[in-house]
Amino acid sequence: MCNSSSITEFLLLAFADTRELQLLYFALFLGIYLAALLGNGLILTAVACDHHLHTPMYFFLLNLALLDLGCISTTLPKAMANALWNTRAISYQGCAAQVFFLVFLFSSEYFLLTVMAYDRYVAICNPLHYGSLLGSRACAQMAAVAWGSGFLLALLHTANTFSLPLCCGNTLNQFFCEIPQILKLSCSDSYLRESQLTTATAFLLLGCFVFIALSYVQIFRAVLRIPSQQGRHKAFSTCLPHLAVVSLFLSTIIFAHLKPPSISSPSLDLVLAFLYFVVPPVANPFIYSMRNKEIKVAMWKVMTGSFS
């Protein structure tokens with residue numbers, strides 16, 4: 001029997017058994033990672049350099065791009081390195097760091113999406129008070145609360161998880177370190193403490209979901225009261241990217257964690273984890289730039305170096 005002090009590394013789930021497939025996955029992950037770096041990097045540069053985009057909505061979008069870059073950089077580089085060097089190992093300290101940053105960045109992004117829903121609510125339902133309710137100081141404070149809340153949750157979850165004694169080996173059925181997989185290795189009833197913290201976190205996240213849902217109920221009511229079709233279309237177009245990002249973010253997580261146990265398998269869990277940790281950071285820049293003329297113009301200026 002062993003405990004956490006005697007474990008120096010964990011073994012992650014491999015994407016493939018043959019060397020050829022490992023190299024193929026490495027190339028695929030590299031392409032995805034570069035696409036995420038390019039998309040989010042363009043968003044960051046465009047918002048930072050174009051003074052026309054120095055508004056609350058784009059300030060929050062800049063924060064979202066930072067979080068997306070952090071999320072995908074926490075998982076994919078290690079997966080690429082393991083595929084390239086034909087290994088499955090991650091150090092104990094590396095695993096703890098990965099858990100911390102994943103919880104920190106993922107929960108911060110969810111809190112930020114909640115703040116962005118409030119931004120859209122004020123813009124559509126209370127446009128006359130938009131400047132006073134969402135001034136630069138208020139925006140900075142709301143973003144700081146989102147990041148700070150994620151940091152606190154990450155600190156609590158990481159400390160609780162890695163204080164547990166482990167006696168069921170060191171193999172994780174996932175391509176990165178995540179708390180549910182580590183809890184499966186615990187041989188102590190103290191995992192109930194982490195379960196209680198997870199339950200409290202779930203209620204907090206549920207509260208954010210209710211807030212987002214109620215915000216969009218009010219938004220849709222306000223939009224439907226706009227007399228002109230052009231006005232309704234313009235109002236909807238400012239909300240659809242955020243709504244699409246939230247839907248993508250939540251749908252993959254909900255299906256991954258609430259799917260029936262009867263259809264659960266290591267391969268399916270791996271694919272679902274890939275969907276909710278890797279796909280949103282790649283897709284979000286394209287979702288926001290697809291129907292947003294201001295972002296398109298600013299990104300084109302970045303690519304052509306034509307900022308004045």
Can you tell me how far apart [atom1] ([X]) and [atom2] ([Y]) are? Round to the nearest 0.5 Å.
X      : Y      : atom1 : atom2 : result
Ser247 : His242 : OG    : NE2   : 9.5 Å
Phe100 : Thr161 : CZ    : OG1   : 12.5 Å
Lys184 : Leu166 : NZ    : CG    : 14.0 Å
Met57  : Ile295 : CE    : CD1   : 7.5 Å
Gln22  : Asn82  : CD    : CG    : 9.0 Å
Leu64  : Asn40  : CG    : CG    : 7.5 Å

Would you find more than 12 non-hydrogen atoms of other residues, nucleotides or ligands less than 6.0 Å from [X] atom [atom1]?
X      : atom1 : result
His52  : NE2   : no
Arg19  : CZ    : yes
Phe209 : CZ    : no

Verify the cluster assignment for [X] and [Y]: are they in a single hydrophobic cluster under the rule of side-chain heavy atoms below 4.5 Å apart?
X      : Y      : result
Phe220 : Val122 : yes
Trp85  : Phe29  : yes
Val217 : Leu113 : no
Val145 : Leu134 : no
Leu11  : Ile179 : no

Show, in sequence, the C-alpha distance, side-chain angles and deciding distance for Leu67 and Trp147, and conclude whether the side-chain contact (heavy atoms from CB on, under 4.5 Å) test is met. CA-CA 9 Å; Leu67 290 168; Trp147 286 78; 3.5 Å; yes
If you apply the rule side chain to side chain donor-acceptor pair (under 3.5 Å), what do you find for Tyr92 with Asn170, and how did you get there? CA-CA 10 Å; Tyr92 185 87; Asn170 66 338; over 6 Å; no
Classify the ring geometry between [X] and [Y] as parallel (under 30°), tilted (30 to 60°) or perpendicular (over 60°).
X      : Y      : result
Phe249 : Tyr110 : parallel
Phe176 : Phe277 : perpendicular
Phe211 : Tyr118 : tilted

Could you tell me whether a side-chain N or O of Ser108 sits under 3.5 Å from a main-chain N or O of Leu105, the two making a donor and an acceptor?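 No, because the side chain of Ser108 does not come within donor-acceptor range (under 3.5 Å) of the backbone of Leu105.
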Taking His157 for its side chain and Val103 for its backbone only, find out whether a donor-acceptor pair lies under 3.5 Å.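 The answer is no, because no donor-acceptor pair under 3.5 Å joins these two groups.
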Mind listing the closest non-hydrogen atom pair of [X] and [Y] along with its distance?
X      : Y      : answer
Glu9   : Ile7   : O-CG2, 3.3 Å
Ala36  : Ile72  : CB-CD1, 3.6 Å
Arg232 : Leu224 : CD-CA, 4.2 Å
Gln98  : Ile90  : OE1-CD1, 3.8 Å
Phe60  : Leu112 : O-CD2, 3.6 Å
Phe26  : Met80  : CD1-O, 3.4 Å

What I'd like to find out is whether the side chain of Leu28 reaches to under 4.5 Å of the side chain of Leu24, using heavy atoms alone.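 No, their side chains stay 4.5 Å or more apart.
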In the structure I gave you, are the side-chain heavy atoms of Leu153 and Phe104 within less than 4.5 Å of one another anywhere?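 No, every pair of side-chain atoms sits at 4.5 Å or beyond.
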Run the side-chain contact (heavy atoms from CB on, under 4.5 Å) check on Glu178 and Val99 step by step: do they pass? CA-CA 6 Å; Glu178 67 171 356; Val99 167; 5.9 Å; no
Excluding sequence neighbours, so at least two apart, what forms disulfide (SG to SG under 2.5 Å) with Cys177?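 Checked Cys177 against disulfide (SG to SG under 2.5 Å); matches are Cys95.
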